[in-house]
Number of protein chains: 2
Amino acid sequence: MVTINDVAKKAGVSKSSVSRVLNGNFEHMSEEMKNKILRAVKDLNYTPNSVAQSLKKKSTKTIGIILSDISNPFWSGVLKGVQSECMRNGYGLMVSSSFEDPSVEEENILTLRNKQVDGLIVNTTGRNTDLFNELVKEKYPFVFFDRFSNDLQTDTVIVNNILGAKKTIQYLIDQGHDRIAILLYPTENKSPRIDRLEGYKQALLENNFPIDESLIKICDETNGSGIEATKEVLKLSQRATAIFSTNTLLNLEVLMGAKKLGFKVPEDVSVFGYDDYPWVPLLDPPLNTVAQPAYEMGKKATALLIKKMKSGKVQKSKIIQLEPELMIRSSCMAPKKVD
Amino acid sequence: MVTINDVAKKAGVSKSSVSRVLNGNFEHMSEEMKNKILRAVKDLNYTPNSVAQSLKKKSTKTIGIILSDISNPFWSGVLKGVQSECMRNGYGLMVSSSFEDPSVEEENILTLRNKQVDGLIVNTTGRNTDLFNELVKEKYPFVFFDRFSNDLQTDTVIVNNILGAKKTIQYLIDQGHDRIAILLYPTENKSPRIDRLEGYKQALLENNFPIDESLIKICDETNGSGIEATKEVLKLSQRATAIFSTNTLLNLEVLMGAKKLGFKVPEDVSVFGYDDYPWVPLLDPPLNTVAQPAYEMGKKATALLIKKMKSGKVQKSKIIQLEPELMIRSSCMAPKKVD
DNA sequence: CTGAAAGCGCTAACAG
DNA sequence: CTGTTAGCGCTTTCAG
């Protein structure tokens, strides 16, 4: 490995001078010296060791991101946003995944902080409030995204989940549905799940519809739970005429469940899903979903974090809320007169 | 920030001793001292600064991965494999994306090497042979994956693309097809594309079928190009009765193209796609695809790299080839007697 | 304008 | 068994 000393020796100058030109502090340096150094740098193909720089400067120029589950394709889009914003600002990116396990999340945070990453973007499990509080106390910069913490007021970028749910339920009601089921994974401390349920309820209430617990299905996070739940709401004596699925995987299972029962979508039951992808229009039937601006969320979260890191001082925490969008295709229609 | 000095002071010992217990070299240390130190560590909530460790040890315990396009959901599965293998071995992970641009790839490599990551996993654009050769010269550990380089013999983990295509075409031929089109993105230097085309040709040849260039469609990487190509092969005087799509996005566009022309799949035209996902069975129609073991590929590549980094010395380069699997659903059937 | 020297936080000989 | 010392590669006063 070639070091700054090698360059200094080759150019016949001190390493301070080399450091100077590398850092752009050569306003008052003789042209000759500058050129000597630049040539040596090029000849030796030298490039400064960032680890040493980091130790000295107390900044690694890298940020960390902690995902709840890296294998969820939803992150592909947001990672692109994060990545491009990082590159634009000269930051590196470390990624890790908690797999929804709070203790793994804790481990991730500790490791990342040890590695001295300058800041964190986290899609939290919602269970490490104490740790996060400690981070704010020691002024370690981080932002939440996709999920926010009710227990902890801090910078966050999310999409408005209450609104997403509310708009879809309203859409369904406007179509004439009054038995609308909702499927979700256990809410636990996860704000999107809580909020989507909340939006569902708000829409119902505002239309003076009763809230029927038998239409609210919490599915455990195992394969097939959504299929079962679908069958259940479809077998009710007053069965659901529309199903609102709040998760990509659940979307698929609702479709499967309906099919297994011999229900046609949308003729026999309407379904409205969550999250949009290029393949959604090609499903059978083309599915209505609420689309989230994934790329933008990644980009905004990164920008917010970088801004926070730069400004040093603690500012009033900022919550950026993005808008979801209803993608209307052909998986919903007015209910047929109930049998 | 609390440093090893603080701990030493608090425990009333030298920092070497602190370092020793932290690194597990306390076999010959008095119990008392050890406990004193451990207590101080705990009291101060001390955790060693990995940047300083890295500088000293010349190892960052992190690896870098360079993806061709991070927004491709195919990586979700492989990243999970990479991630879990990293965690299991105490490695951190830096990810970046070249967006298929060789000069960005170069930049990524340089940045990552500067940051002293211990090794690289790269899904190469195939255009930086000189740089990679330099890396092997300086014994910088890296492995290719998903795509291999013909110009450069080195450790690689791929799935057998020739086989994937060959099996697909054979399947189609066995069904009675003899006008089989293939759609691909520009092969350039990218081995999977080259190999899938190769497999296509081999299967045809082995069955004594002619290779008809008008059935081989190179689509540029813009939205809709697959739709056009589909229309073209379907409008030929001797039209295709089956279409083999070699890419996730292309799969979708083939389906769209066929639909636009009023062709039913599989009644009017069979289609066989590439890459499998949970949503593929729910497409209209449920699509046959060749599935790649994404998770396993990520895991194997990481394991191979770690092994390589550990063993220090250069070993004979190893190519791990995984097997693709044909997922048979209902997008293919025997061709109707041609009109 | 340039160089010498100190030091970031840690590890690892080397003494004792 | 434990402490002293010398760096890892770089930046940044501080002199000159």
Side-chain angles (χ1 to χ4, degrees), chain A residues 1-38 40-41 44-62 90 92 110-111 113-118 138, chain B residues 1-38 40-41 44-62 90 92 110-111 113-118 138:
Chain A
M1 153 172 259
V2 24
T3 77
I4 197 173
N5 272 308
D6 302 324
V7 179
K9 212 163 293 169
K10 170 131 188 171
V13 302
S14 77
K15 55 179 182 174
S16 333
S17 297
V18 178
S19 176
R20 281 189 191 104
V21 341
L22 260 33
N23 290 284
N25 303 116
F26 46 66
E27 309 164 28
H28 307 292
M29 186 179 280
S30 72
E31 273 299 306
E32 190 203 339
M33 175 159 239
K34 191 174 103 183
N35 290 139
K36 258 196 313 195
I37 294 176
L38 256 17
V41 166
L44 294 173
N45 206 349
Y46 169 73
T47 147
N49 179 329
S50 338
V51 172
Q53 287 181 313
S54 299
L55 180 58
K56 185 73 205 183
K57 293 199 182 161
K58 297 184 163 322
S59 155
T60 52
K61 280 298 243 178
T62 107
L110 265 21
T111 308
R113 191 184 49 173
N114 257 37
K115 288 195 183 288
Q116 312 296 119
V117 305
D118 296 341
E138 61 188 51
Chain B
M1 150 171 261
V2 26
T3 77
I4 199 173
N5 272 309
D6 302 324
V7 180
K9 212 164 292 171
K10 170 133 188 168
V13 302
S14 78
K15 55 180 183 170
S16 338
S17 295
V18 179
S19 175
R20 281 190 191 101
V21 342
L22 260 33
N23 290 283
N25 303 116
F26 45 65
E27 310 164 26
H28 309 291
M29 187 179 279
S30 73
E31 274 298 308
E32 189 202 339
M33 176 160 236
K34 192 175 102 181
N35 290 138
K36 257 195 318 194
I37 295 176
L38 256 18
V41 166
L44 295 172
N45 206 348
Y46 169 72
T47 146
N49 179 329
S50 337
V51 172
Q53 287 181 312
S54 299
L55 181 58
K56 184 74 205 180
K57 293 199 181 164
K58 295 181 166 321
S59 154
T60 51
K61 282 297 245 177
T62 108
L110 265 21
T111 308
R113 191 183 50 173
N114 256 35
K115 288 193 183 289
Q116 313 296 119
V117 305
D118 296 341
E138 61 188 51

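Residue numbers start from 1 in every chain, and the chains themselves are labelled A, B, ... in the order their sequence lines are given, proteins ahead of strands. Heavy atoms only: backbone and side chains are in, while hydrogens, waters and symmetry mates are out. Bear in mind the structure is a predicted one, so any value in this text is a computation, not a measurement.
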What is the distance, rounded to the nearest whole Å, between atom [atom1] of [X] and atom [atom2] of [N]?
X       : N      : atom1 : atom2 : answer
B/Ile4  : C/dG7  : CD1   : P     : 18 Å
A/Asn35 : C/dT2  : CG    : P     : 12 Å
B/Lys61 : C/dT11 : NZ    : P     : 14 Å
B/Lys34 : D/dT2  : NZ    : C1'   : 16 Å
A/Glu31 : C/dT2  : CD    : P     : 11 Å
A/Asn25 : D/dT11 : CG    : P     : 10 Å
B/Lys9  : C/dG9  : NZ    : C1'   : 13 Å
A/Asn5  : C/dA5  : CG    : P     : 14 Å

According to a strict under-4.0 Å criterion, is [X] in side-chain N/O contact with OP1 or OP2 of [N]?
X       : N      : result
B/Ser17 : D/dG3  : yes
B/Lys15 : D/dT5  : no
A/Gln53 : D/dG9  : no
A/Asn23 : D/dT11 : yes
A/Ser30 : C/dT2  : yes

Check: A/Met1 and B/Gln116 side chains under 4.5 Å, non-hydrogen atoms: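 B/Gln116 reaches A/Met1 side chain to side chain.
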
Does a side-chain heavy-atom distance below 4.5 Å link A/Thr47 with B/Leu110? no

Do any N or O atoms from the side chain of B/Ser50 and from the backbone of A/Asn114 form a donor-acceptor pair under 3.5 angstrom? yes

Test item: A/Asn23 side-chain N/O and A/Asn25 main-chain N/O as donor-acceptor pair under 3.5 Å: no

If you find the nucleotide of DNA chain C closest to B/Pro48 and the one closest to B/Arg20, which residue's nucleotide is nearer the 5' end?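 The answer here is B/Pro48.
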
Give one of base, sugar-phosphate or nothing for A/Thr3, where a contact means two heavy atoms less than 4.0 Å apart.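 The answer is sugar-phosphate, as A/Thr3 gets under 4.0 Å only of primed atoms, P, OP1 or OP2.
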
By the 4.0 Å heavy-atom rule, please label B/Val51 as base, sugar-phosphate, or nothing.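 The answer is nothing, as B/Val51 stays clear of every strand by at least 4.0 Å.
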
Has the side chain of A/Ser16 got a donor or acceptor that lies under 3.5 Å from a partner of the other kind on the base of C/dA4?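 Flag set: donor-acceptor pair detected.
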
Is a donor-acceptor contact shorter than 3.5 angstrom present between the side chain of A/Lys56 and the base of D/dG9? no

Among B/Leu22, B/Leu44, B/Leu38, find the residue that satisfies the side chain to side chain contact (heavy atoms under 4.5 Å, CB included) test when tested with B/Val7. B/Leu44

Pairwise 5' ranking along DNA chain D for B/Met29 and B/Lys57, keeping only the more 5' one: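 Nearest nucleotide further toward 5': that of B/Met29.
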
